[in-house]
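Take a look at the structure below.
Treat the numbers as computed from the prediction; the structure is a model and nothing was measured.
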Amino acid sequence: MVSRPRRSVYVPQEIEPKWQKIWADRGVMKAADESPKPKFYNLVMYPYPSGNLTVGHARNYVMGDLLARMKRMQGFEVLHPFGWDAFGLPAENAAMKSGGVHPAKWTHDNIAKGKRELKLMGILYDWDREVTSSEPDYYRWTQWLFLLMYERGLAYRAMAPVNWCPVDKTVLANEQVINGRCWRHPDVEVEKRDLEQWFLKITDYAQRLLDDLELLDKWPHKVRVMQTNWIGRSMGAEVDFPVDGMPDEKIRIYTTRPDTLFGATFMVLAPEHPLVEKVTTEERRARVREYVEKARKETEIERLSTEREKTGVATGGLAINPLNGEKIPIWVADYVLVTYGTGAIMAVPAHDERDFEFAVRYDLPIREVIAPPTGPQGVLREAYVAPGTMVNSGQFDGLESAKGFEKISDWLEAKGVGKRSVKYRLRDWLISRQRYWGAPIPIVYCPNDGIVPVPHDQLPVVLPPEYRPLAENPAWYETTCPKCDGPARRETDTMDTFIDSSWYFLRYASPHDDHEPFDPELANHWMPVDQYTGGVEHAILHLLYSRFFTKVLYDAGLVEVTEPFMRLFNQGMVKRFGQVMSKSAGNGVSIDELAGAQGADAGRIYEMFIGPPEEDVEWNEAGLNGVVKFLQRVWRLVLEPETVVAEGGSSAKVDAEVLRRRVAQTIGKVTEHYDELRFNTAVAFLMELANTMQDYLQAGGARDREWDYSVRVLLKLLNPLAPHACEEMWERLGEKGMLADAGWPEFDSALAAEPMIVLVVQVAGKLRDRLDVNAGLSEQEAVKAAFSSPKVHAALDGREPSKVIYVPDRLINLVP
RNA sequence: GUCGGCGUGGCGGAAUGGCAGACGCGCCAGCCUUAGGAGCUGGUGCCCGAAAGGGCGUGGAGGUUCAAAUCCUCUCGCCGACACCA
């Protein structure tokens, strides 16, 4: 390997450690709370410290780093913090293996590894603000916030059928159950168990969580739709149906279609409905009990399958339709869910697909009460669920269904037998976890005083040092009651780790505060997060919970924002062999491998250039070499332009004017594309600039002030992508450290301006005229300018133009 | 089933309704080299053609427009989310 002596060579391994040390020493990414500059809170979702980070993680954090560096150069005071979502099961699983280490040690080791790798990629954070959710000085405040929820009536304990993962041996939130299976174990079906557990009343915030999605216009449309569906608002009515022969009993049903009330031909209760026993007649009792038992035993998967046939049994009881006094049979069927609405429905087979299917199977009557525009069908072959005209509905006949909805609701309310009602699909958030490695729920159970919250001055409730289930650790859970000092028992469940991550973005504002979870003044200074970057897998879980927490804190007067994240970006995942890259899948490419091969800068650019940031990409290193070539080319152009001139040979005609225009356009485009997080195209524009600069030199262009300017622009624009190389080149040019001193290049719009033309055509089918207008005008403005021009005015001669077309100058010849 | 998204060269992918295929990979040819897994130059959507040139082209079929990958309708295919929520 003999390299030719005529060139200084770009050797990333020699310059990258140097600059990483300089940045650390200078603390270039430290955010000043008191700064005259406008703030920019740039946040990446903090990771679970699971071991070595892969190039998949790096892609995400490089994007964040790019933005942080760019905003910094643009004159913002940037808050770019990092931390670790450190509680959770993998640490425990590691501990449970024979000879396993303590979760705390495992976590700390992984954090150390991760930190080293992030630094290796040249990613800068304000490490002074690092938070680790498993540290007592963090989870103390997680517990504090739980108590706040408790004080505000938002945390409650209830016996409920809960989702139980038999492998992790813990309960799960609804959001953590995917298709009836555990989110961590896609092969494991979740079981239903009745347990007393802690819940957070997120349902109290359902409407606000829905309404405020309107404010999040810089979130991906997809995520907003997903949250809307998850909250699942529906409008309808609750109606009380008296039970025949039981004057004191009423069954309350919920329907979204009160306009179909006359079409109710039977009623269905969920198997778990409290009145099932009562309405069942003696002769039906055995069959009903058997059915209810069977339904209880079924797994969630079996019950929720829409494929299987609906089943049910008649109770023998009758309910009375309050609207027309009709007696209809009461059935029990497991297609009705006890957890939604009132756990009971009126079945309108003519206008509900599920009821239709059930009615056909059990030969129950089907009565048409909503007619399609073509008129009543008489016999229905399938449920007609669209709006229509009411028929067979007594005094309401002839009304459109929307109108009927209102009239019947009015009638129900006037008679006191029903009322309008809004329901949500969203359920309260079950936060108890029967696990060691989490924040203990700060509650004490006292035989005298019942549920007693741990007083604030006794926080944190610290985990015992030995790794062992808390419920099997009497030395830990036996305590005294804070109220009566008598013997009492601690809550031995810990909190869902999603609680930890529902407020970490606030802790970054004052990470060392030991009086409160966060300093409200500082939090209000930095919040809201201006840019939040992370995976779409959190579209519901983390993002919904964080929004909920923020609203609670707003109501408590602790923050001034009602939404935590203004702009959200979901980056795509990096796959390899078709699977998401991960340590457990065994297909990970480590940061060491990437940075070691061609340097961190090449790795950073390549991560951005491999595909659109929001798309999943398949990892391959075929294109990495092209990026290295690009960096080497820039190195030569900047530091040894004379060697480029010497080689000559380009046929491209690039003169000073072309170069100037290219430089100006690149500033505009790259700025715009960085801002829109379109990093792959930003790289392409920079490559074009380098190519143009090379052509310029090879065409004999002078290395004058114009040239120097283009060199500086190239270095500044490229700096966020390849900071080590750019800083090194900048220094070798004799300039001061770029990150410290260099602002973002100014965009000279005059240079990039493209002359525009307004064409007025087809007055009386003939006349054409053209008019130059300034660039930068919108089409409307340009057309307006055309009409006020004397030239066009004269040409029109009082006639109306039949058409005005707006075209860019370069395309004028294409318009007929 | 419902909702959302996406279909562009050999590949990754570019295109405020305005010259489709930027940029890069790969490939071909040449230069320079003792050498090339380095560097440089040129070429590279498909078809016909030696070339000039011509024809066809953004899953498919229609439509709007001076102009459509882009907007509208229908259709096919792929991906994702939700999925008996009354």
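At a threshold of 4.0 angstrom between heavy atoms, the contacts of Lys629(A) are confined to the sugar-phosphate backbone, with no base atom among them. Within the 4.0 angstrom heavy-atom criterion, no nucleotide atom of any strand lies near Thr339(A). Among the protein residues, Asn691(A) comes within range of the sugar-phosphate backbone only, with heavy atoms under 4.0 Å from sugar or phosphate atoms but none that close to a base. Residue Gly232(A) is out of contact with every strand shown, counting any heavy-atom pair closer than 4.0 Å.
In this structure, the ring pair (Phe, Tyr, Trp, His ring centres under 6.0 Å) partners of His673(A), at least two apart in sequence or on a different chain, are Phe685(A). Annotation: ring pair (Phe, Tyr, Trp, His ring centres under 6.0 Å) contacts of Trp619(A) (sequence neighbours excluded): Tyr606(A). Qualifying salt bridge (Lys or Arg N to Asp or Glu O under 4.0 Å) partners for Arg576(A), counting only residues two or more places apart in sequence or in other chains: none. Partners of Gln598(A) according to the side chain to side chain donor-acceptor pair (under 3.5 Å) rule, which considers only residues two or more places apart in sequence or in another chain, do not exist here.
Between the CZ atom of Arg224(A) and the C1' atom of A81(B) there is a distance of 17 Å, given to the nearest Å. Taking atom CH2 of residue Trp619(A) and atom P of nucleotide C25(B), one finds them 16 Å apart after rounding to whole Å. The CE atom of Met573(A) sits 19 Å away from the P atom of G5(B) (whole-angstrom rounding). At whole-Å resolution of the value, CD in Gln694(A) and P in C23(B) are 13 Å apart.
Contact annotation: Gln698(A) does not reach the phosphate of C40(B) (side-chain N/O to OP1 or OP2, under 4.0 Å). Within the structure, a side-chain polar atom (N or O) of Arg633(A) is placed less than 4.0 Å from OP1 or OP2 of C40(B). For A38(B), neither phosphate oxygen OP1 nor OP2 lies less than 4.0 angstrom from any side-chain nitrogen or oxygen of Gln632(A). A close approach under 4.0 Å does occur between a side-chain nitrogen or oxygen of Ser234(A) and OP1 or OP2 of A86(B). A close approach under 4.0 Å does occur between a side-chain nitrogen or oxygen of Tyr340(A) and OP1 or OP2 of A86(B).
Nearest-nucleotide positions on RNA chain B for Met235(A) and Arg678(A) put Arg678(A) closer to the 5' end. Mapping Arg233(A) and Ile540(A) onto RNA chain B by nearest heavy atom places Ile540(A) at the nucleotide closer to the 5' end.
Side-chain atoms of Asp352(A) lie closest to A86(B) of the nucleotides A86(B), C84(B), A15(B). Listed nucleotides A38(B), C3(B), C84(B) differ in distance to Val225(A); the shortest reach to its side chain belongs to C3(B). Distance from the side chain of Asp334(A) is smallest to C84(B) among C3(B), G80(B), C84(B). When each of C84(B), G4(B), A86(B) is scored by its nearest atom to the side-chain atoms of Lys222(A), the top-ranked nucleotide is G4(B). Here the nucleotide nearest the side chain of Lys310(A), chosen from A81(B), G24(B), C84(B), is C84(B). With A86(B), A83(B), C3(B) as the candidates, the nucleotide lying closest to the side chain of Val336(A) is A86(B).
Remark: G10(B) base-pairs with C25(B). Criterion, Watson-Crick or G-U wobble with two distances under 3.5 Å. Using the Watson-Crick or G-U wobble rule with both distances under 3.5 Å, U70(B) pairs with nothing in any strand shown. In this structure, G36(B) forms no base pair with any nucleotide, since neither Watson-Crick nor G-U wobble geometry is met with both distances under 3.5 Å. For U16(B), there is no paired base (Watson-Crick or G-U wobble, both distances below 3.5 Å). The partner of C78(B), taking Watson-Crick or G-U wobble pairs whose two distances both stay under 3.5 Å, is G5(B).
With ring centers used as reference points, Tyr362(A) lies under 6.0 Å from Trp331(A).
As rounded to the nearest Å, U70(B) and G7(B) have C1' atoms that lie 13 Å from one another. Nucleotides U8(B) and G21(B), compared at atom C1', are 7 Å apart to the nearest Å.
More than 12 heavy atoms of other residues, nucleotides or ligands sit less than 6.0 Å from atom CD of Glu672(A).
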If you restrict it to nitrogen or oxygen atoms, what contacts under 3.5 Å exist between nucleotides 7-13 of chain B and the protein, and what is each distance?
from, atom 1, to, atom 2, distance (Å)
G12(B), O2', Ile610(A), O, 2.6

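Within the structure, salt bridge (charged side-chain N to carboxylate O under 4.0 Å, His left out) contacts touching residues 611-629 of chain A (residues at least two apart or in different chains) are Lys575(A)-Asp616(A).
In summary, the side chains of Tyr291(A) and Thr311(A) do present a donor paired with an acceptor at a separation below 3.5 Å, with no hydrogens or angles considered.
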